[in-house]
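This report concerns only the one structure given below.
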Amino acid sequence: MKGGMVPTWLELLLATQFFAICTNHLSSTRNECNLFCIDCEESKGAFCYYCRSRHHSTHQVIQIRRSSYHDVVRVAELKDILDISDVQTYVINSATVVFLNERPQHRGCGVSAIKASSSSYNCEICNRALLDPFRFCSLGCNLKGIKEDMRTTVPIGDIIDYTRKDDDTDSSNTSGNSGNNEESCSDADYCKDNPSPPRVIRHRRKGIPRRAPFF
């Protein structure tokens, strides 16, 4: 998700409510809606195991899991379809996962505030304390960070215009310098063709000469 390359299905994934009971399979045992299809951009993105076998058998599907009442997804299911190098990872039940959305935390006091103040790394969006030098605590914070970077980035067109202005200034300066060089050269040629007359060096006399007296 770097450089503004955000997949269209990501915002739908973050806005989807998971682990509701599927209304089409109320009497089934595996009827929790904890699956998401990245090939189908539907408003109701969550579906159950039986819906997958019927409507998404040939699609790319990821499974959402729960950790302390928060939605997580395994890194192994995202690494080939999404760049999550800036998101803090956690090991839960022997699997490396990332959180989908920002987790609520008590600000100003309590254990969370102490951890945030003492931690060397914090989420750039929600200021949650991180374990490792990552930028964000979840996919949701990562998406917000990308949008902020896109708003503060200078458009490429403006950069090109500035470059052209600099080039024009440099070229004008170059032409001015060349003109001065030509004038200098012409003056030198004139001096060569019309040399100045030789300078006559005159020696001053030291005064009136006096002759020695005759005896």
Side-chain angles (χ1 to χ4, degrees), residues 1-26 28-105 121-128 130-157:
M1 287 192 295
K2 293 181 178 179
M5 300 299 295
V6 180
T8 56
W9 53 264
L10 180 59
E11 293 194 48
L12 180 60
L13 169 66
L14 298 177
T16 300
Q17 297 294 326
F18 294 97
F19 297 97
I21 302 301
C22 180
T23 56
N24 297 326
H25 305 91
L26 293 175
S28 302
T29 55
R30 302 176 62 179
N31 59 359
E32 283 187 332
C33 296
N34 62 343
L35 300 175
F36 182 85
C37 180
I38 66 174
D39 295 331
C40 301
E41 297 183 8
E42 300 177 354
S43 57
K44 296 181 179 180
F47 52 89
C48 72
Y49 169 81
Y50 303 102
C51 293
R52 175 181 183 177
S53 59
R54 179 174 297 183
H55 303 290
H56 307 276
S57 58
T58 59
H59 297 173
Q60 192 165 4
V61 175
I62 58 178
Q63 181 178 353
I64 309 302
R65 293 172 169 82
R66 274 285 174 95
S67 173
S68 301
Y69 303 100
H70 297 291
D71 297 338
V72 299
V73 60
R74 289 184 177 178
V75 173
E77 298 187 42
L78 291 178
K79 63 180 182 180
D80 295 332
I81 58 176
L82 192 66
D83 181 10
I84 55 174
S85 57
D86 290 333
V87 183
Q88 173 71 65
T89 58
Y90 300 88
V91 178
I92 300 175
N93 295 332
S94 302
T96 306
V97 301
V98 293
F99 284 88
L100 291 189
N101 292 291
E102 174 186 349
R103 290 163 287 163
Q105 57 181 337
Y121 315 107
N122 297 92
C123 177
E124 295 182 6
I125 301 300
C126 67
N127 202 36
R128 173 176 286 276
L130 304 179
L131 304 177
D132 303 300
F134 291 96
R135 295 182 58 191
F136 309 105
C137 67
S138 62
L139 296 179
C141 288
N142 191 7
L143 180 60
K144 293 179 182 178
I146 291 176
K147 290 183 177 180
E148 289 185 0
D149 292 341
M150 293 173 63
R151 284 195 296 266
T152 57
T153 302
V154 179
I156 298 177

Exercise for the section: List for me each residue that meets side chain to side chain donor-acceptor pair (under 3.5 Å) alongside Q60, sequence neighbours excluded, and say none if there are none. Expected result: none
Problem - Spacing of SG belonging to C137 relative to CG belonging to N101, to within rounding of 0.5 Å - result: 9.5 Å
Handout entry: Which residues share a salt bridge (Lys or Arg N to Asp or Glu O under 4.0 Å) with K147, sequence neighbours left out
Key = E11
Problem - For N93, all residues meeting side-chain contact (heavy atoms from CB on, under 4.5 Å), sequence neighbours excluded - result: none
Problem - Minimum side-chain heavy-atom gap L139-L82 below 4.5 Å - result: yes
Problem - Closest non-hydrogen atom pair between Q63 and V73, with its separation - result: O-CG2, 3.8 Å
Practice task
Locate the shortest heavy-atom distance separating I125 from K144; write the atom from each residue and the value.
Solution key: CG2-CD, 3.9 Å
Exercise for the section: Please report the C-alpha distance between I62 and L13 in whole Å, then the side-chain angles of each, then the deciding distance to 0.1 Å, and finally whether the side chain to side chain contact (heavy atoms under 4.5 Å, CB included) criterion is met. Expected result: CA-CA 10 Å; I62 58 178; L13 169 66; 4.2 Å; yes
Practice task
Could you tell me which residues satisfy side-chain contact (heavy atoms from CB on, under 4.5 Å) with T89, sequence neighbours excluded, listed by chain and number?
Solution key: V75, T96, V98, F134
Completion exercise
Across all chains, not counting sequence neighbours, the side chain to side chain donor-acceptor pair (under 3.5 Å) partners of H56 are H59
Handout entry: salt bridge (Lys or Arg N to Asp or Glu O under 4.0 Å) partners of E32, counting only residues at least two apart
Key = none
Fill in the blank from the handout: Residues at least two apart in sequence or cross-chain that pass salt bridge (Lys or Arg N to Asp or Glu O under 4.0 Å) with R103, listed by chain then number, are none
Fill in the blank from the handout: Applying salt bridge (Lys or Arg N to Asp or Glu O under 4.0 Å) to R66 and not counting sequence neighbours gives D71
Completion exercise
Here the pair of heavy atoms bringing F18 nearest to L35 is CE2-O, 3.9 Å
Fill in the blank from the handout: Interatomic distance, SG@C40 vs NE2@H55, rounded to 0.5 Å, equals 10.0 Å
Practice task
Carefully, step by step, assess N24 and F47 under the rule side chain to side chain contact (heavy atoms under 4.5 Å, CB included).
Solution key: CA-CA 10 Å; N24 297 326; F47 52 89; over 6 Å; no
Practice task
Give a yes or no on this: more than 12 heavy atoms of other residues, nucleotides or ligands lie within 6.0 Å of atom CZ of R74.
Solution key: no
Fill in the blank from the handout: Rounding to 0.5 Å, atoms CD (E77) and CG (D80) come to a distance of 11.0 Å
Practice task
Identify, with sequence neighbours excluded, every residue that meets side-chain contact (heavy atoms from CB on, under 4.5 Å) alongside R135.
Solution key: D86, E124, D149
Practice task
Would you mind reporting whether Y49 and T29 have side-chain heavy atoms less than 4.5 Å apart?
Solution key: no
Handout entry: Residue pair S67 / V72: nearest heavy atoms and the distance that separates them
Key = CB-CG1, 4.1 Å
Fill in the blank from the handout: Here the gap from N142 atom CG to F136 atom CZ, rounded to the nearest 0.5 Å, amounts to 5.0 Å
Handout entry: Reported CZ-to-NE2 distance for the pair F99 and H70, which is rounded to 0.5 angstrom
Key = 6.5 Å
Exercise for the section: Kindly compute the distance separating CG (L143) from CG (L10), expressed to the nearest 0.5 Å. Expected result: 5.5 Å
Problem - Summary of salt bridge (Lys or Arg N to Asp or Glu O under 4.0 Å) pairs that have at least one residue in residues 46-62, sequence neighbours excluded - result: none
Problem - Atom of L131, atom of Y121 and distance for their closest heavy-atom approach - result: O-CD1, 4.1 Å
Problem - Counterpart residues, side chain to side chain donor-acceptor pair (under 3.5 Å), relative to D132 (two or more places apart) - result: Q88
Completion exercise
Sequence neighbours excluded, the answer for ring-ring contact (aromatic ring centres under 6.0 Å, His included) partners of F36 is none
Fill in the blank from the handout: Closest non-hydrogen atoms of L130 and N122, given as atom of the first, atom of the second and distance, are CD1-C, 3.8 Å
